[in-house]
Protein chains: 2
Amino acid sequence: MAAGKINGSRVVKEGARERIISSAKKLFAEQGYQKTTVVDISKQAGLSEAALYEYFQGKEDLLLTIPHLWVSELIEGMEEQLFGIKGAFNKLRKYLWWYLRQIEKAPLDAKIVYLFLKTNSNFLTTEVYANVRALYSYLINIFEEGKASGEMRADLNPYLARDIFVGTMDHLIIRWLIKDMSYSLFENLEEIFDLMTDGFRQGLRSEGSCRHTETEGVLKPA
Amino acid sequence: MAAGKINGSRVVKEGARERIISSAKKLFAEQGYQKTTVVDISKQAGLSEAALYEYFQGKEDLLLTIPHLWVSELIEGMEEQLFGIKGAFNKLRKYLWWYLRQIEKAPLDAKIVYLFLKTNSNFLTTEVYANVRALYSYLINIFEEGKASGEMRADLNPYLARDIFVGTMDHLIIRWLIKDMSYSLFENLEEIFDLMTDGFRQGLRSEGSCRHTETEGVLKPA
DNA sequence: AAGTTCTCCTAATGATATTAGGGAATATAG
DNA sequence: CTATATTCCCTAATATCATTAGGAGAACTT
């Protein structure tokens, strides 16, 4: 007889599940996984502890489930964002800017993935892990493309380039999260991107006295 | 009346403390911090739980204490290792090789620092944190030296170079730890070092068709 | 020898994750 | 409409630790 009745139970159910997730996300990110109790989470979600176990197997399951949706969305969004961009360096730049923007928009999810999930021994068996790998392995394609087009040096090892790229990126992210997001993730980003990718380039550096011969004509439509 | 009596109590005491540390180190690294119980640790050390609290304030204190000694030793060792090496790139290379070697030699400590400690909310207040920062900030000196000697480009931002270097290094280390040290940390290291530091160089790349003018005469005594 | 300190133990205590079992509301079937 | 099943949630255990209390025995001091 109240509102939303016909599929009412569904609505309530999903509502509760969502409330649990968002409460847990907030509390985990604020106080850490260990210091957050199941009572805290249920209270904040307006439920009893026992009710929480209707939706999740337990505290750890909650931790593993929370970022799943977020990372899945990232995967889809990525292809969308990179679609149609011409040139490996342009794609690489777009990738970095896009990814950091996603982190900035969902810092709670990011904190959980980067600070708590990665240290969990079950992380490797998680779907989140598989998705993060997929996210990162897309970079391999970009480097392959760069080599094929001549933008990047022919002897570039795409896996090592990815390690440098991902390592640097993760380092920036983790520091930002640990420092409580107190500054902009995009500070100096242009400069660090150039410095990092400079070694990937075919030919000489842009600031060198001896400019390279513009092998990658693809990039300049004008 | 038993062996080691004169300063016997001391010996036993230190023995117990050492046993606790080494048991905890092993168990934390094997099963993770959360899944290791205080009973596990004390049993393995041949003590009761209560005795453990004579030596440490608690489980968390144990986690924070374990790597302290190790990291302190690293600090001292570093200066020793780098002393007398001429040239920024040579120092940088030595730094990387030396550091990874230390990780390889003390994987349990490394696992605790990289996987469990960094996510602890008290980490930032730890002396370990201060020491790790000191370890990393030494890199700034190397980059400054590289700029001053002309080995590295004049517009190099030492802090950003450090971010790239540390990020890549930590990435390699964490992957190795997560994959249970199942391969050698030194695989491809030469290649990744070159790729990473290529962008720091003054002048052109070594494999370029147009070789640079050897500004850094310092490096070539011959 | 008596006292003091050091080291360790058994046995609470307390916090918190998880489970049992049931109750009320809602949906479904006859 | 009544009976039954299902969904969602609760109160009240139970279980698993981390931590503390309080004390016993050995060793050292004086």
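Letters A, B, ... are given to chains in the order of the sequence lines, protein chains preceding strands, and every chain is numbered from 1.
The two residues B:M181 and B:P107 make their nearest non-hydrogen contact at SD-CB, 3.4 Å. Of all non-hydrogen atoms in A:A88 and A:E151, the two that sit nearest each other are N-OE1, 2.6 Å.
The side chain of A:A50 lies closest to D:dT11, out of D:dT11, D:dT19, C:dC8. Across C:dC8, D:dT11, C:dT18, the shortest atom-to-atom separation from the side chain of A:K59 is found for C:dT18. Proximity note for B:V38 (side chain, C-beta onward) versus D:dC9, C:dT7, D:dT19: the nearest is D:dT19. Nearest nucleotide to the side chain of A:S48, out of C:dT10, D:dC10, D:dC9: D:dC10. In the set D:dC10, D:dT19, C:dT7, the nucleotide with an atom closest to the side chain of B:E49 is D:dT19. The side chain of A:L47 lies closest to D:dC9, out of D:dC9, D:dT19, C:dT16.
Taking only distance into account, the side chain of A:E54 meets the base of D:dC9 through a donor-acceptor pair shorter than 3.5 Å.
Salt bridge annotation for A:K111-A:D180: present, with a cationic side-chain nitrogen under 4.0 angstrom from a carboxylate oxygen.
OP1 and OP2 of D:dA21 both lie 4.0 Å or more from every side-chain N or O belonging to B:Y53.
Counting only residues at least two apart or in different chains, ring pair (Phe, Tyr, Trp, His ring centres under 6.0 Å) contacts with residues 62-87 of chain B are absent.
Between the NZ atom of A:K35 and the P atom of C:dA17 there is a distance of 14 Å, given to the nearest Å. Taking atom CD on A:Q34 and atom P on D:dA18, their separation rounds to 11 Å, with Å as the unit. Counting to the nearest Å, the C1' atom of D:dT7 and the CZ atom of A:R17 are 15 Å from each other. In this structure, CG of A:L52 is placed 14 Å from P of D:dC8, rounded to the nearest angstrom. For the pair B:Q31 CD and D:dC17 P, the computed distance is 11 Å after rounding to whole Å. The separation between B:K43 atom NZ and D:dA18 atom P is 12 Å, rounded to whole Å. For B:L27 and D:dA18, the CG to C1' distance is 16 Å, given to the nearest whole Å. Between the OH atom of A:Y55 and the C1' atom of D:dC9 there is a distance of 8 Å, given to the nearest Å.
Between B:Y95 and B:F165, the ring-plane angle classifies as perpendicular under the 30° and 60° cut-offs.
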Verdict with reasoning, A:N122 to A:T125, per side chain to side chain donor-acceptor pair (under 3.5 Å): CA-CA 6 Å; A:N122 294 116; A:T125 69; 4.6 Å; no

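Backbone-only engagement by B:T36 is indicated by non-hydrogen atom pairs under 4.0 Å involving sugar-phosphate atoms exclusively.
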Let me check I have this right: for DNA chain C, each base becomes ., (, ), [, ] or |, based on Watson-Crick or G-U pairs with both distances under 3.5 Å. What is the full string? ||||||||||||||||||||||||||||||

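Of the residues listed (A:Q34, A:K35, A:K59), the one engaging A:F28 in a side chain to side chain contact (heavy atoms under 4.5 Å, CB included) is A:K59, and it is the only one.
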